Protein chains: 2
Amino acid sequence: VTTGRFDTDTAIERGDDLRFAAEVTDGWDIGAIPNGGYLLAIAGRALCAALDRPDPVALSAHYLSPATHGRADLDVEVLREGRGLATGLVRMHQEGSLRLVVTGTCGDLSTSDGPTILRAEPPDLPPPEACVPALPSPRFPRILERFDMRLVPESAAFAVGIRHGNAEMAGWLRFSDDRDFDAAALPLVSDAMPPAVFLMMETGWVPTVELTVHVRARPVPGWLRCRFVTRFVTDGWLEEDGEVWDEHGTLVCLSRQLARVREGSPTYGSG
Amino acid sequence: VTTGRFDTDTAIERGDDLRFAAEVTDGWDIGAIPNGGYLLAIAGRALCAALDRPDPVALSAHYLSPATHGRADLDVEVLREGRGLATGLVRMHQEGSLRLVVTGTCGDLSTSDGPTILRAEPPDLPPPEACVPALPSPRFPRILERFDMRLVPESAAFAVGIRHGNAEMAGWLRFSDDRDFDAAALPLVSDAMPPAVFLMMETGWVPTVELTVHVRARPVPGWLRCRFVTRFVTDGWLEEDGEVWDEHGTLVCLSRQLARVREGSPTYGSG
């Protein structure tokens, strides 16, 4: 796996007693707020390091307060160390405020064995060159500079104000610096695309309450094929379900988040 | 809301310092092991009590070791108390062994406000009287005694050894003692039906690694309309996604679990 900005921006420094320090940079912002998937990727790194397991398998994050740029401290607690899987808890705080708490199970996905039965295909996307590049612009969030993101035209419609109601954000994703994806980067990928609900309604920021990421396999180098879908907005609550596949057609990640939404002017990229 | 066995079997006794005690009964077993959703319901009760919020909104559980019958201790830690939502952490242990750890956000669902847009309908089920009752039998787990469960014929097929491959477990659910459902019972409902993967393959126990439940609304009294679907079994990992609707056609709960599966003789009800 090649390295790149993702690695420097999620680097953790190990201290005593399973305490880690990280630097939350401004390169992964939505508006002025660091992206929740970016924070989860940092927490996942600390957890895997503390548990001495290579891959995050299931990470459940509850977001407590918006993060800021600068130093973050991560306290890890080991809850269970099995032969294969190990489970722990991470608290990320900044200047005394808890930003997120993550319970997570880590393991070695290269040794998974058991049956494989797929009841659905990878999303059927036009090739990347036939999709719409989500280009960084003053109106769009900084996190887009980190990716080469190619949305299918139906998904890109939100950018020109079309809210057709089919809340499916689908497309291709690579890092813009050609860093390959690995299991550690999939928590970030799970929260990197524009919210699918933008295709349903005008809304401001869509704050994540809870995000769970299940990593199924390590992706091979190349494009990721992604689809994020919102089916149910109820009383201002919504889910966003993600599926991520690699270039070999392997399902590498499922994600689901619970978020809040309010009607209002679109603020995507306003920060 | 009427009371019943669910209430006595999930009752918690409050001690000092946000410590709670509960009695894990044998009435909700799968084989000889207490059901994971039952344990989560107990943890959710302790969390709501400690946070002084009526409803569990998002509970994320990681299962660390199989529970046994008898006393369980629950230690709750408050992580954040906001105006509306509050978040905490519950550790359930028995005789020094950690059984599960739950991070959860609780609130008052009767005050949710915001837009409602549904992109999918409740599952289209034949009426309960045209479905197949999942009757308790020596071959079936004890938890079925607690429910009046009516599976659609396609879902009930697993009970006669048919594995048609469409892993959708759908049907109606009530408590057998006519206790009404409320938000507190939905974590149990999220894990109460036979695993959908039984329609795909012969398998033994399907241990849950992680279970997240999002409660969207308090159900009205009556039947719940449930659908649990597994689409991807990869290297022995699977997800089971649940949707639960009440008799008014309100979406009351979404759930997702990550579980392990191995090929083998069916052991459902063997315990």
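By convention in this document, chain letters (A, B, ...) are assigned in the order of the sequence lines, proteins followed by strands, and residues within each chain are numbered from 1. Only heavy atoms go into these numbers, but all of them, side chains included; no hydrogens, no water, no symmetry mates. All figures in this text were calculated on a predicted structure; none of them were measured in a lab.
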- Message: Tell me which of these, A:Thr103, A:Val102, A:Leu251, A:Leu79, has more heavy-atom pairs under 4.5 Å with chain B than the rest.
- Response: A:Thr103
- Message: At a heavy-atom distance under 4.5 Å, which candidate from B:Leu98, B:Asp113, B:Leu118, B:Val209 has the highest pair count against chain A?
- Response: B:Asp113
- Message: Just so I understand: if I count every heavy-atom pair under 4.5 Å between each of A:Val197, A:Ile117, A:Thr105, A:Leu254 and chain B, which residue has the most?
- Response: A:Ile117
- Query: Side-chain donor-acceptor pair under 3.5 Å between B:Glu210 and A:Ser60, yes or no?
  - Reply: yes
- Message: Check whether B:Arg260 reaches the backbone of A:Gly114 with its side chain - one donor and one acceptor, N or O, closer than 3.5 Å.
- Response: no
- Message: Holding to side-chain hydrogen bond (donor to acceptor under 3.5 Å, both in side chains), I want the full list of residues that pass it with A:Glu81, two or more places apart in sequence or in another chain.
- Response: none
- Task: Using atom types as modelled and distance alone, determine if a side-chain donor or acceptor of B:Arg119 lies under 3.5 Å from a backbone N or O of A:Thr230.
- Result: no
- Query: What part of B:Leu64 gets closer than 4.5 Å to chain A, counting heavy atoms only: side chain, backbone, both or neither?
  - Reply: both
- Are the side chain of B:Arg80 and the backbone of A:Leu100 linked by a donor-acceptor contact shorter than 3.5 Å? no
- Query: Can you say whether B:Thr212 sits under 4.5 Å from chain A via the side chain, the backbone, both, or neither, judging by heavy atoms?
  - Reply: side chain
- Before giving the answer on side chain to side chain contact (heavy atoms under 4.5 Å, CB included), spell out for B:Leu258 and A:Val57 the whole-Å C-alpha distance, their side-chain angles and the decisive distance to 0.1 Å. CA-CA 10 Å; B:Leu258 177 69; A:Val57 173; 4.1 Å; yes
- Do you know the tightest heavy-atom contact between B:Ser255 and A:Arg256? O-NH1, 3.0 Å
- Spell out the residues in residues 241-249 of chain A that have some non-hydrogen atom less than 4.5 Å away from a non-hydrogen atom of chain B, in order of number; otherwise answer 'none'. A:Asp241, A:Glu243, A:Trp245
- Side-chain ion pair, A:Glu121 and B:Arg231, N-O less than 4.0 Å: no
Using atom types as modelled, flag every donor-acceptor pair under 3.5 Å from a side chain in residues 183-190 of chain A to any protein atom, sequence neighbours excluded.
from	atom 1	to	atom 2	distance (Å)
A:Ser190	OG	A:Leu186	O	2.9

- Message: Between B:Thr250 and chain A, with a heavy-atom cut-off of 4.5 Å, which part of the residue counts as in contact: side chain, backbone, both or neither?
- Response: neither
- Determine whether the side chains of A:Thr87 and B:His62 contain a donor N or O and an acceptor N or O closer than 3.5 Å. no
- Task: Look at A:Asn166, A:Leu109, A:Leu85, A:Val261 and state which one has the largest set of heavy-atom pairs under 4.5 Å with chain B.
- Result: A:Asn166
- Message: Minimum heavy-atom separation for A:Arg91 and B:Leu89, please, with both atom names.
- Response: NH2-CD2, 3.7 Å
- Message: Using a 4.5 Å heavy-atom cutoff, which residues in residues 233-240 of chain A come close to chain B?
- Response: A:Val233, A:Thr234, A:Asp235, A:Gly236, A:Trp237, A:Leu238, A:Glu239
- Message: Less than 4.5 Å to any heavy atom of chain A: does that hold for the side chain of B:Val101, its backbone, both, or neither?
- Response: side chain
